[in-house]
Structures are given as C-alpha cells and as structure tokens.
Asks: 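This structure is in structure tokens; I'll ask about it shortly.
Just so it is clear, the structure is predicted and the values come from calculations on it, not from any experiment.
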Amino acid sequence: MNSHRVLLLGGTAEARALAAALVAAGVDVVSSLAGRVSRPRMPVGEVRVGGFGGVPGLVHALGDGAFTHLVDATHPFALRMTANAGAAADEAGVPCLRLARPGWREHPDAASWLWVDDYDAARERAEELGAVRPFITTGRQTLEHYAAWDDRGVVLRIVEPLEVPAPSRWTVLLDRGPFEVENELALMREHGVDVVLTKDSGGDYTAAKLTAARHVGLPVVVVRRPTVPAGMAEVSSVDAVLTWLGTSAQG
C-alpha cells in the first residue's frame, strides 16, 4: 500500500478522517480543497488549495503517473466535482472511488419529513405550508432559489459571509457545525421558526436541527441527494476505502 499516491478531493469531515488514516498507514496522499471556505479545517498531510480547471485540469493533475488513485470525498451535493472526478479518472486511467457519508434516510424521523427533488421544490413546499419564518440551512450557493422570499422573515444559517447583502427582513447567522440539540432548540424558539429547509447532507455535524425540529413540532423539508454518476463506485466508510486501495493494488 505504501507505493500508492492518492489524490483526495476533500473539504469534508470524512475526507479529513481518510487523510489521517492514510498518513497513519504510510500512504502518500495529497488532499485537495476547493478554497471556497476562508478558514477550512485542514487535514493532516500534504494539502493543495484551489480548483483544477474542470476535467482537463484534473486529467493533467492525474497524468504521467502523478497519482495512482483518486478518491472523491467532497460534499454529497458537490455534483459537478463528483462528475468531473469520474470523467477525469476515466480519461487518465486512474482508479476512482467516491466516499460519502450515509444520508439521513435511516433517521428515525425521516418518514415524517417532506422530501423534494430540488431547492425550488423545497421553497414551493414550504410556501404550501404557509411558512412566514423559514429556517434555511441548504447552503450559501442555493440562495437564488429563495430570492422571492424577500418579504419573509427568513432565518438563514451559513458558514461564509454573503457577497451580496441579504434582504432587510432576513436574519443571517454565521456558524458551522457541529451543533447541539439544545442550541438548535433555543435558536428555533428565539426566532419563531415555522419550517426547516435542509438537504440530505447526512452525518452528525448538522443533524441536531432535525431532532430539535421534532421537539418543537416543526415540519422539515429535505432536498434529496443527487445521484452518483453512472459507473462510479461509492462507499461510506474510511475502512472501505482502505480495503479498496488494497484490492486495487493487487489488480
């Protein structure tokens, strides 16, 4: 396994855990961060920051034996990056695997949530519920889908500051997980939230809002995960990646 050189597309807790495991195992790994967060949590080992320039740039980075394996451990909703990873790995002839945390489909409350396919549908579903104080937790890059809510008392939680000011009636909270149920309960009660909008990110960092919503009796609208590109294998644990690397080395 020590002869491997892995390019790890990261930025997630899973990517950091994998980087730590690879370094501990003596595997040469380079973690790549998109650079969209000003103060990212850094993984151990070598790190590069910034995009590749689409599929051609990623193919170039993988070329000439620079890396033996590619692991895409970006956010479950980073659809473009995942698609680029699969296409580039295929063109470069480098084995590729997707590492994604399990979603919230198995959450005890999942059956009671309102599942939708995209952010526009999430907004429309919340409107059908009569929401006037929605709590948006779907991310800064999804806000164009809620532009029509400039007349509502939206509570928006994001990690990075907005580049364009939010509507005057919105309350913008800058914070990042992990969150605690007690704090989420206090937030919802303080701001009078009447619906929670989220996406099926999975994991524990932001799951507290789901439990809090049940305690307060709030409806939860959840955007389903995008489908992994055809032909790309996906696993949900660091151990599975390590096993894959061992199998690949023999192949």
Side-chain angles (χ1 to χ4, degrees), residues 8-21 31-44 47 49 72-79 81-82 98-110 112-113 115 119 122 126 133-143 145-146 154-163 166 170-191 193 195-216 218-226 236-238:
L8 172 57
L9 308 180
T12 61
E14 294 73 34
R16 292 190 295 275
L18 176 58
S31 295
S32 178
L33 308 182
R36 292 176 177 171
V37 178
S38 58
R39 291 175 296 157
R41 294 185 173 100
M42 301 298 286
V44 299
V47 178
V49 178
D72 170 29
T74 55
H75 192 277
F77 280 77
L79 184 58
M81 189 66 247
T82 296
R98 170 85 176 136
L99 170 62
R101 72 193 72 153
W104 287 324
R105 276 288 184 181
E106 303 303 318
H107 190 282
D109 300 327
S112 67
W113 301 335
W115 292 83
Y119 303 110
R133 193 70 168 163
F135 181 25
I136 299 176
T137 65
T138 53
R140 181 165 53 102
Q141 296 180 343
T142 70
L143 297 186
H145 302 280
Y146 309 108
V154 169
V155 178
L156 169 67
R157 184 165 66 199
I158 50 178
V159 174
E160 294 287 305
L162 296 173
E163 296 178 357
W170 288 28
T171 298
V172 179
L173 308 174
L174 295 178
D175 204 354
R176 69 170 74 187
F179 300 106
E180 301 294 335
V181 173
E182 294 77 10
N183 294 334
E184 298 290 66
L185 283 169
L187 183 155
M188 293 175 186
R189 288 166 175 158
E190 175 185 353
H191 294 283
V193 170
V195 63
V196 176
L197 290 88
T198 189
K199 55 189 179 185
D200 187 16
S201 299
D204 298 327
Y205 269 47
T206 62
K209 64 190 169 192
L210 304 172
T211 302
R214 171 167 51 81
H215 287 322
V216 180
L218 296 181
V220 177
V221 181
V222 185
V223 178
R224 295 183 181 91
R225 281 190 180 189
S236 59
S237 72
V238 168

Asks: Would you indicate whether the side-chain heavy atoms of Val155 and Trp170 approach each other to under 4.5 Å?
Replies: no

Asks: Is it true that Glu160 and Arg140 make a salt bridge, defined as a side-chain N closer than 4.0 Å to a carboxylate O?
Replies: no

Asks: Can you name the side-chain contact (heavy atoms from CB on, under 4.5 Å) partners of Thr206, sequence neighbours left out?
Replies: Trp104, Phe179, Lys209

Asks: Would the number of heavy atoms belonging to other residues, nucleotides or ligands and lying under 6.0 Å from CG of Asp204 be above 12?
Replies: no

Asks: Please say which of Arg214, Arg189, Arg157 ends up in a salt bridge (Lys or Arg N to Asp or Glu O under 4.0 Å) with Glu184.
Replies: Arg157

Asks: Which pair of heavy atoms, one from Ala212 and one from Leu185, lies closest together, and at what distance?
Replies: O-CD2, 3.5 Å

Asks: For residues Thr198 and Val220, determine if any side-chain heavy atom of one lies less than 4.5 Å from a side-chain heavy atom of the other.
Replies: yes

Asks: Is there a donor-acceptor contact under 3.5 Å from the side chain of Arg98 to the main chain of Asp72?
Replies: yes

Asks: Would you find a donor on one side and an acceptor on the other, under 3.5 Å apart, between the side chain of Thr12 and the backbone of Ala73?
Replies: yes

Asks: Quick one: pull up CD1 in Ile136 and CG in Leu143 and give me the separation to the nearest 0.5 Å.
Replies: 6.5 Å

Asks: From Arg105 CZ over to Asp200 CG, what is the distance, rounded to the nearest 0.5 angstrom?
Replies: 7.0 Å

Asks: Which atom pair, heavy atoms only, marks the closest approach of Val238 to Glu14?
Replies: CG2-O, 4.3 Å

Asks: What's the separation between atom OH in Tyr205 and atom CZ in Arg176, rounded to the nearest 0.5 Å?
Replies: 9.5 Å

Asks: Donor-acceptor pair, Lys199 side chain versus Thr138 backbone, under 3.5 Å?
Replies: yes

Asks: Which value, rounded to the nearest 0.5 Å, describes the distance between Leu8 atom CG and Ser31 atom OG?
Replies: 4.5 Å

Asks: Between His75 (side chain only) and Phe77 (backbone N and O only), is there a donor and an acceptor less than 3.5 Å apart?
Replies: yes

Asks: Flag the pair Val159 / Asp175 as yes when at least one side-chain heavy-atom distance between them is below 4.5 Å, and no otherwise.
Replies: no

Asks: Can you give me the closest heavy-atom contact between Ala122 and Val223, atom names plus distance?
Replies: CB-CG2, 4.0 Å

Asks: Check whether any side-chain N or O of Thr137 sits under 3.5 Å from a backbone N or O of Leu197 as a donor-acceptor pair, and report yes or no.
Replies: yes

Asks: Which pair of non-hydrogen atoms, one from Pro76 and one from Pro226, has the smallest distance, and what is that distance?
Replies: O-CG, 3.5 Å

Asks: Are the side chains of Val221 and Val195 in touch, meaning some heavy atoms are under 4.5 Å apart?
Replies: yes

Asks: Below 30° counts as parallel, above 60° as perpendicular, anything between as tilted: where do the rings of Tyr119 and Tyr146 land?
Replies: perpendicular

Asks: Walk me through whether Val196 and Leu210 qualify under side-chain contact (heavy atoms from CB on, under 4.5 Å).
Replies: CA-CA 8 Å; Val196 176; Leu210 304 172; 5.6 Å; no

Asks: Measuring from atom OG1 of Thr74 to atom CG of Leu33, what distance do you get when rounded to the nearest 0.5 angstrom?
Replies: 11.5 Å

Asks: Find the distance between CG (Asn183) and CE (Met188) and round it off to the nearest 0.5 Å.
Replies: 11.0 Å

Asks: Could you tell me whether a side-chain N or O of Arg225 sits under 3.5 Å from a main-chain N or O of Ser201, the two making a donor and an acceptor?
Replies: yes

Asks: For residues Arg133 and Thr171, determine if any side-chain heavy atom of one lies less than 4.5 Å from a side-chain heavy atom of the other.
Replies: yes

Asks: Between the main-chain N or O of Val44 and the side-chain N or O of Arg16, is there a donor-acceptor pair closer than 3.5 Å?
Replies: no

Asks: Indicate yes or no for a side-chain donor-acceptor contact from Thr142 to the backbone of Gly139 under 3.5 Å, with no hydrogens or angles considered.
Replies: yes

